[in-house]
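Each chain gets a letter, A, B and so on, in the order the sequences are listed, and its residues count up from 1. All figures in this text were calculated on a predicted structure; none of them were measured in a lab. Side chains are part of it too, since the values below use all heavy atoms of this structure and drop only hydrogens, waters and symmetry mates.
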Protein chains: 2
Amino acid sequence: MKKDKLTLKDVALRLGVSTATISNAFNRPDQLSAARREDILAQCEKIGYTGPNKAAQILRKGRSNIVALVLADSIAYTVSDPVASTFIKGVSKVLQQQGKHLLLYAGDSASILDVVDFVDGFICYGAPKNHKLAQEIVQQSKPAITVDFNIEGLPSVNIDNEQAAYEIANQAVKGGDHVAILGLRLIDSPTTCRVYDSPLIGSDSSISHRRLDGYLRACSEKGVNIDSDWIWHIPESDRNFAKQAAKEVLHSHPRPNTVLCMSDIIALELLQCALTEGLEVPQDLKITGFDGIEEAERTRPNLSTVCQSSVQKGEIAATALLDATQDDTLLSFELKLGETL
Amino acid sequence: MKKDKLTLKDVALRLGVSTATISNAFNRPDQLSAARREDILAQCEKIGYTGPNKAAQILRKGRSNIVALVLADSIAYTVSDPVASTFIKGVSKVLQQQGKHLLLYAGDSASILDVVDFVDGFICYGAPKNHKLAQEIVQQSKPAITVDFNIEGLPSVNIDNEQAAYEIANQAVKGGDHVAILGLRLIDSPTTCRVYDSPLIGSDSSISHRRLDGYLRACSEKGVNIDSDWIWHIPESDRNFAKQAAKEVLHSHPRPNTVLCMSDIIALELLQCALTEGLEVPQDLKITGFDGIEEAERTRPNLSTVCQSSVQKGEIAATALLDATQDDTLLSFELKLGETL
DNA sequence: CTGTTAGCGCTTTCAT
DNA sequence: ATGAAAGCGCTAACAG
C-alpha cells in the first residue's frame with residue numbers, strides 16, 4: 001500500500017527544522033547556506049519527499065506554470081490541421097524550454113471560467129468559435145495574446161493577410177481571367193456554399209476578410225471582376241468541405257480558369273479533383289493556396305502559395321506571452337511560386 | 001482598472017449569508033432549497049461573482065478536472081504525427097464531453113512531479129522517451145492508463161501488434177521474395193541505420209518488437225529468411241528519417257522486392273522514392289505500411305496496410321481512465337489491401 | 001540565517 | 001436548511 005504523501009510540515013517535523021526552511025530549500029536557495037540546503041534536500045530525498053505540493057503552491061503563489069492555448073475550434077479538429085499543429089509545435093517548444101505546461105482549450109467550450117483561476121495566461125489562436133470566450137478573455141486579468149486575429153487591448157501576432165493575398169493573386173491573375181475564390185469562414189453557415197449576398201461574418205480584421213480584400217484588390221487592378229456567386233464559403237479548412245467546394249467550382253459554367261484558395265488544404269483538394277477530372281494544371285486551371293504546408297511542396301504539380309512560418313508564429317506568441325510584451329507583431333510571409341501557375 | 005476578484009467570503013458578507021451556503025449553492029444543490037439557490041446564484045451573477053476560485057478548489061478537493069496526456073516524445077514531434085494527433089482527437093472528444101481538460105505532457109520531460117499533485121490522472125501514449133517518467137507514473141497514486149505499451153500494474157489499451165504484423169506480412173510475402181523491414185525504434189540510436197547485431201531496445205512488449213516478431217513469423221512460414229542487415233532502424237516515424245532509410249533500401253544490392261514498413265509514414269516515403277526512381281509498384285517492389293492513416297488511401301497507388309482506429313483508441317483510453325477501469329483492452333485491427341501489393 | 005505566524009479561497013463536518 | 005470553524009499544504013512577511 002502506498003503511504004500518504006508527506007507534507008512539508010511532516011518533513012519539517014522529522015528533520016527538526018521549521019517549515020520555512022524546508023520551503024526555502026526548495027524555492028529560495030538564497031535564503032540559506034548552500035551546505036544546509038544540500039543537506040536538507042538530501043534528507044528529503046531519502047525520506048521520499050519530492051517537494052512542495054503543487055496544488056498548494058498554485059493557490060498560494062497564484063501561479064501554476066500552465067499556459068492555456070485557446071483554439072478557434074475543437075481540439076479534435078485543430079490537432080489534425082497541419083497549420084494549427086505546426087503552430088502548436090512552436091508554442092510547445094518555447095513553453096517546454098521555459099518549464100511551462102500546455103493546456104489545450106477548445107474554442108467551442110462554454111466558458112473559460114473553469115481554468116482562468118489557475119492558468120498563468122492565454123494564447124488565443126484564431127477567433128474562438130464561441131464568441132463569448134473572447135469577451136471573457138478581455139474581462140479577466142491574466143496575460144493574454146491573440147494570433148491571427150485581434151481583441152481590443154490585447155497584443156497580437158499576425159501576418160499582413162491583405163498584402164499577402166494581394167501579392168499571390170497578383171501573380172496568379174491575368175487580365176481576362178475568369179477567377180473564383182474558395183474562401184474560409186466568410187459567412188455564418190456550417191456548410192460549404194456560395195457566398196452570394198449573405199452578410200460576411202467576423203470583424204473586418206478577420207483573416208478571411210483581409211485575404212478577400214487582397215484578392216479583390218489585385219483582381220480589380222487587372223480589370224477582373226468577381227461576383228459574389230464566384231466566391232465560396234467553406235466552414236473550416238477540412239478536406240471534405242473543401243472537396244465539395246472544389247467540385248462545385250469545377251462543374252460550374254463557365255468554369256473558372258483561376259481559383260484563389262484561402263488555405264493549402266483547400267487548394268490541394270481542388271488540385272486533386274481537377275486532375276481526377278482530367279484537367280491540365282495550370283493550362284486549364286491555375287490554383288493558388290495559402291499557408292505553405294509541407295504537403296503542398298510534395299504534390300505534383302506543387303502548389304503556388306503564400307508561405308508563413310507557423311512554427312515561428314507559435315514561438316513568438318509564446319515568448320511574447322511569457323515576457324508580457326504588449327506590442328503587436330507583424331510577421332513576414334513569402335510567395336512560393338510552384339507549378340500550379 | 002479591474003477590481004480584485006471577489007471571493008466567496010466577500011460574497012457571503014454582501015449577501016448576508018454564510019460562506020457554506022454560497023459554496024453549497026454552487027456545488028451541492030441538494031443542500032438548500034431550489035428557490036434559495038436560484039436567488040443566490042442570481043445575486044452572484046449580478047455582483048459579478050462567477051463562482052468559487054478553481055485554484056482553491058483544486059487544493060481543497062484534490063481534483064482539478066485536468067488529465068495529463070503523457071506522450072512518448074516531445075509535443076512538437078507528436079502533434080505533427082498523424083497517428084498521434086488522431087489519438088489525441090479521440091481523447092479530447094471524451095474529455096470535452098466529460099468537462100475535463102487536456103494537458104499535453106512531453107515524454108522527454110525531466111519528471112512528472114510538477115503536475116502530479118494537481119492532475120486527476122495520466123494517459124500514457126507510448127513508452128515515454130525518458131524512462132524515468134514511466135517509473136514515476138507507477139509510484140504515484142493517481143489513476144493512469146497506458147496505450148501502445150505496458151507498465152506493470154496499470155491497465156492498458158493495445159492492438160495485437162504481433163498478429164497484425166503477421167497477417168499483413170503473410171499477404172505480402174511469397175516464397176522466394178527478398179524481404180527488407182523498415183522498423184521503428186528497434187535499437188538505441190538517434191539515426192537511421194541497419195540493425196545488424198545491435199541489441200534491440202525496449203521490453204519484449206514494445207510494439208516494435210511485437211511487429212518484428214509478427215513479420216518474422218510470417219516470413220519464416222514461407223521459408224523466407226531475413227538477416228538483420230536487411231532490417232533498418234528508424235528513430236521516429238518522421239519523413240526525413242524515413243527517406244534516408246528508403247534510399248538505403250532501394251540502393252542496396254540485391255534490391256529487395258518486398259519491404260515491410262512499421263508505419264505508413266515510412267511506407268509512403270519509400271513509395272515516393274521508389275516512384276521517383278522509376279520503379280514500378282508493386283511489380284518491382286511490394287510495400288506494406290502500418291496504421292492506416294488517411295493519406296495512405298489518397299496516394300496512387302494506395303497503400304496496403306494495417307488499419308487501427310486511433311480515434312477509438314483515444315476514446316477508449318480516456319473513458320477507461322475516467323471510469324477507473326482496471327481491465328486491459330485489446331482493440332481490433334483490419335488489413336487493407338491496396339495497390340502496393 | 002532561521003523560526004513564527006497569518007493567510008491564499010475554499011469545502012465540509014458538526015452543531016444548531 | 002443553515003452557520004461556525006477547522007483545515008487542504010504551502011509561502012512570505014516579519015521578528016529574532
Side-chain angles (χ1 to χ4, degrees), chain A residues 3-41 43-44 48-65 113-120 140-142, chain B residues 3-41 43-44 47-65 113-120 141-142:
Chain A
K3 330 167 219 181
D4 271 355
K5 263 197 106 164
L6 288 168
T7 71
L8 187 149
K9 207 164 142 194
D10 297 336
V11 174
L13 217 60
R14 290 262 283 265
L15 302 197
V17 297
S18 91
T19 58
T21 304
I22 309 286
S23 174
N24 284 334
F26 281 96
N27 304 305
R28 303 170 38 171
D30 51 307
Q31 297 295 300
L32 37 64
S33 69
R36 189 134 177 56
R37 176 159 185 267
E38 281 312 316
D39 182 43
I40 289 180
L41 261 29
Q43 304 242 35
C44 286
Y49 180 69
T50 51
N53 179 295
K54 303 303 175 197
Q57 278 189 321
I58 296 177
L59 175 59
R60 184 61 233 244
K61 295 190 171 178
R63 265 188 317 101
S64 61
N65 290 328
L113 288 175
D114 40 339
V115 301
V116 71
D117 291 326
F118 62 82
V119 141
D120 289 349
Q140 58 86 47
S141 58
K142 302 274 172 91
Chain B
K3 327 169 223 182
D4 270 355
K5 261 199 109 166
L6 289 169
T7 71
L8 187 148
K9 206 165 142 194
D10 297 337
V11 174
L13 218 58
R14 290 262 282 267
L15 302 198
V17 297
S18 92
T19 59
T21 304
I22 309 286
S23 173
N24 285 332
F26 280 96
N27 304 306
R28 304 172 35 174
D30 50 307
Q31 299 293 302
L32 36 62
S33 68
R36 189 136 178 56
R37 174 158 186 268
E38 280 313 316
D39 181 45
I40 290 180
L41 259 31
Q43 304 241 35
C44 287
I47 63 178
Y49 179 68
T50 52
N53 180 294
K54 303 303 175 199
Q57 279 188 323
I58 296 176
L59 175 58
R60 185 56 232 247
K61 294 190 170 177
R63 266 187 316 102
S64 61
N65 290 328
L113 287 175
D114 40 343
V115 301
V116 71
D117 290 327
F118 62 82
V119 140
D120 290 349
S141 58
K142 303 271 172 95

May I have the distance from [X] (atom [atom1]) to [N] (atom [atom2]), rounded to whole angstrom?
X       : N      : atom1 : atom2 : answer
B/Ile58 : C/dC8  : CD1   : C1'   : 13 Å
A/Gln31 : D/dA13 : CD    : P     : 10 Å
B/Leu6  : C/dC8  : CG    : P     : 14 Å
B/Asn24 : C/dT13 : CG    : P     : 11 Å
B/Leu13 : D/dG3  : CG    : P     : 12 Å
B/Lys61 : C/dT13 : NZ    : C1'   : 15 Å
B/Lys5  : C/dC10 : NZ    : C1'   : 13 Å
A/Asp39 : C/dC1  : CG    : C1'   : 15 Å

Side-chain donor or acceptor of A/Thr19 paired with backbone N/O of A/Ala12 under 3.5 Å: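 Not at all, since once roles are kept as given, no pair shorter than 3.5 Å links the two residues.
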
Distance-only polar pair, side chains of B/Asp10 and B/Thr7, donor-acceptor under 3.5 Å: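 Present: a donor and an acceptor within the cut-off.
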
Looking only at the side chain of [X] (C-beta and beyond, no hydrogens), which of the listed nucleotides [options] gets closest?
X       : options                : value
A/Tyr49 : C/dC10, D/dC10, D/dT11 : D/dC10
B/Leu32 : D/dT2, D/dT11, C/dG9   : D/dT2
A/Asn53 : C/dT4, D/dC10, C/dT11  : D/dC10
B/Ala56 : C/dT11, C/dT4, C/dG9   : C/dG9
B/Arg60 : C/dT11, D/dA4, D/dG9   : C/dT11

Touch class at under 4.0 angstrom, heavy-atom based, for A/Asn27 against every strand present: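 Counting heavy atoms under 4.0 Å across all strands, the contact made by A/Asn27 is with sugar-phosphate only.
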
Sugar-phosphate only, base, or nothing, as touched by A/Leu59 at under 4.0 Å among non-hydrogen atoms: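 Base, at least one base atom sits under 4.0 Å.
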
Enumerate, atom names and distances included, each donor-acceptor pair closer than 3.5 Å involving a side-chain atom of residues 55-62 of chain B, sequence neighbours excluded.
unit_1: B/Gln57; atom_1: NE2; unit_2: B/Asn27; atom_2: OD1; d: 3.4

Smallest separation among heavy atoms of A/Gly51 and A/Phe26, with atom names: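 Between these two residues, the closest heavy atoms are CA-CE2, 3.7 Å.
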
Short side-chain N/O contact to [N] OP1/OP2 from [X], under 4.0 Å:
X       : N      : result
B/Ser23 : C/dT11 : yes
A/Ser18 : C/dG3  : yes
A/Arg28 : D/dA12 : yes
A/Gln57 : D/dG9  : no

Side chains of residues 28-38 of chain B: which donor-acceptor partners sit under 3.5 Å, not counting sequence neighbours?
unit_1: B/Ser33; atom_1: OG; unit_2: B/Arg36; atom_2: N; d: 3.2
unit_1: B/Arg37; atom_1: NE; unit_2: B/Ala25; atom_2: O; d: 2.6
unit_1: B/Arg37; atom_1: NH2; unit_2: B/Ala25; atom_2: O; d: 3.4

DNA chain D: 5'-proximal contact among A/Ala20 and B/Arg36 (nearest heavy atom):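 Nearest nucleotide further toward 5': that of B/Arg36.
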
